[in-house]
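Please read these numbers as outputs of a predicted model, since none were measured by experiment.
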Amino acid sequence: ILMNPALLAIGQRRFRAALSDAHANDLGDRGNFNRTVFHEVGHYLGPKRTDDDRPIPEALGNLNNHIEELKADLLSLWLMPRLVEHGIIDEEQLRSVYASGILRVLVPIEPGRDEAYRTMQLMQQNVFLAQGLLSFDRENGRLSIDYDRYPQVIEAFLTEVLELQRRGDRAAVEAYVERLA
């Protein structure tokens, strides 16, 4: 499904409609595939138990999926520059994965808090906008990406999410989700 030409074309059209012309060709054929593969790898990385030795799903309850999916998304994006450093992907592929990370967070309507995927996508969109990774150009009504900010924003965001998992404080996670979504 990730390499389906029809789905790729839909993603390209959505991306081009939302992003400035300068980014029209940033979303390559494998960006979404590579981001998704490393998203799945991201589920196996990071803490599995809280500092007081509770399983994270037990500690976070119904918000575990929100934070776990967010962690996996952020880990996939965090890993990309390291893959460039080791010659596994090149700069063009990095840009394509980063563009895919932006396509992923283009949430057209505010989701219900019970929608883990959509809520964590909205959380990312809001952080990306607040941190200047994404900006809205009022003149053309489209978004621009500051690729130079990407690694810094992702690392800070991921650090917060990993800390929330480690602490296992459900009330803190609930406040975090509400604040960012």
Side-chain angles (χ1 to χ4, degrees), residues 1-2 30-86 88-89 93-94 96-135 145-181:
I1 289 176
L2 293 174
R30 294 190 54 90
N32 194 49
F33 177 81
N34 288 337
R35 185 196 50 75
T36 302
V37 166
F38 284 98
H39 166 100
E40 296 307 326
V41 169
H43 283 301
Y44 296 94
L45 303 174
K48 299 299 175 212
R49 301 185 76 80
T50 64
D51 288 342
D52 61 0
D53 205 35
R54 292 175 292 152
I56 291 172
E58 176 185 303
L60 301 185
N62 68 326
L63 293 175
N64 178 62
N65 284 344
H66 294 69
I67 296 301
E68 178 60 27
E69 293 301 331
L70 179 57
K71 177 199 78 174
D73 259 17
L74 296 173
L75 269 165
S76 71
L77 297 168
W78 180 85
L79 283 169
M80 292 303 130
R82 284 124 193 107
L83 297 179
V84 170
E85 289 171 17
H86 292 288
I88 297 167
I89 65 172
Q93 291 167 316
L94 170 66
S96 180
V97 170
Y98 277 174
S100 172
I102 298 303
L103 175 62
R104 171 112 161 121
V105 305
L106 298 178
V107 180
I109 59 170
E110 184 173 349
R113 290 300 171 261
D114 60 331
E115 299 177 70
Y117 277 94
R118 296 277 186 210
T119 298
M120 71 88 181
Q121 290 167 333
L122 179 60
M123 292 168 67
Q124 287 181 72
Q125 181 187 91
N126 288 336
V127 168
F128 292 176
L129 286 164
Q131 296 297 315
L133 171 56
L134 270 179
S135 59
I145 306 168
D146 184 344
Y147 287 105
D148 292 335
R149 296 201 45 77
Y150 226 117
Q152 174 189 353
V153 170
I154 295 301
E155 185 156 336
F157 198 2
L158 177 59
T159 299
E160 288 178 349
V161 169
L162 292 172
E163 179 61 26
L164 284 167
Q165 282 188 315
R166 277 186 44 266
R167 286 188 12 229
D169 181 343
R170 192 191 177 294
V173 168
E174 186 171 6
Y176 189 75
V177 170
E178 282 305 313
R179 181 172 57 87
L180 297 185

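In this pair, Y147 and Y150 present their aromatic rings parallel. The plane angle is below 30°, not in the 30 to 60° band.
Atoms CG and CH2, from L162 and W78 in turn, are 9.5 Å apart once rounded to the nearest 0.5 Å. To the nearest 0.5 Å, the span separating CZ on R82 from CD1 on I89 amounts to 11.5 Å. Between L77 atom CG and E155 atom CD the span is 12.5 Å, to the nearest 0.5 Å. Rounded to the nearest 0.5 angstrom, L74 CG and L158 CG are separated by 5.5 Å. Here CE of M120 is found 5.5 Å from CD of Q124. Values are rounded to the nearest 0.5 Å. Rounded to the nearest 0.5 angstrom, I56 CD1 and L63 CG are separated by 13.5 Å.
Counting only distance, with no hydrogens or angles, the side chain of E115 and the backbone of G112 share a donor-acceptor pair below 3.5 Å. Between the side chain of R149 and the backbone N or O of Q131, at least one donor-acceptor pair lies under 3.5 Å. Of the possible donor and acceptor atoms, one in the side chain of R54 sits under 3.5 Å from a partner among the backbone N and O of G168.
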N62 and R170: CA distance, side-chain angles, deciding distance, side-chain contact (heavy atoms from CB on, under 4.5 Å) verdict
CA-CA 9 Å; N62 68 326; R170 192 191 177 294; 2.3 Å; yes
Dump the intermediate steps for salt bridge (Lys or Arg N to Asp or Glu O under 4.0 Å) on E68 and K71, then the final yes or no.
CA-CA 5 Å; E68 178 60 27; K71 177 199 78 174; 3.2 Å; yes
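For residues 100-113, every residue pair satisfying the side chain to side chain donor-acceptor pair (under 3.5 Å) rule, not counting sequence neighbours, is listed here: N32-S100, R35-S100, D73-R104, E110-R113, R113-E178.
Nearest heavy-atom pair, Y98 versus M80, reported as atom, atom and distance to 0.1 Å: CE2-CB, 4.4 Å. The heavy-atom pair separating T119 from A181 by the smallest distance is CG2-CB, 3.9 Å. Here the closest non-hydrogen pair linking G101 and F128 is O-CE1, 4.3 Å. Listed here is the closest heavy atom pair of L122 and P111: CD2-CD, 3.6 Å. Minimum interatomic distance between A59 and T50 (heavy atoms only, all atoms of both residues): CB-CG2, 3.7 Å. Between S96 and R30, the shortest heavy-atom contact is OG-C, 4.3 Å.
Looking at L94 and P81, their side chains come closer than 4.5 Å, going by heavy atoms from C-beta outward.
Q121 and E69 form no side-chain donor-acceptor contact under 3.5 Å, judged by distance and modelled atom types alone.
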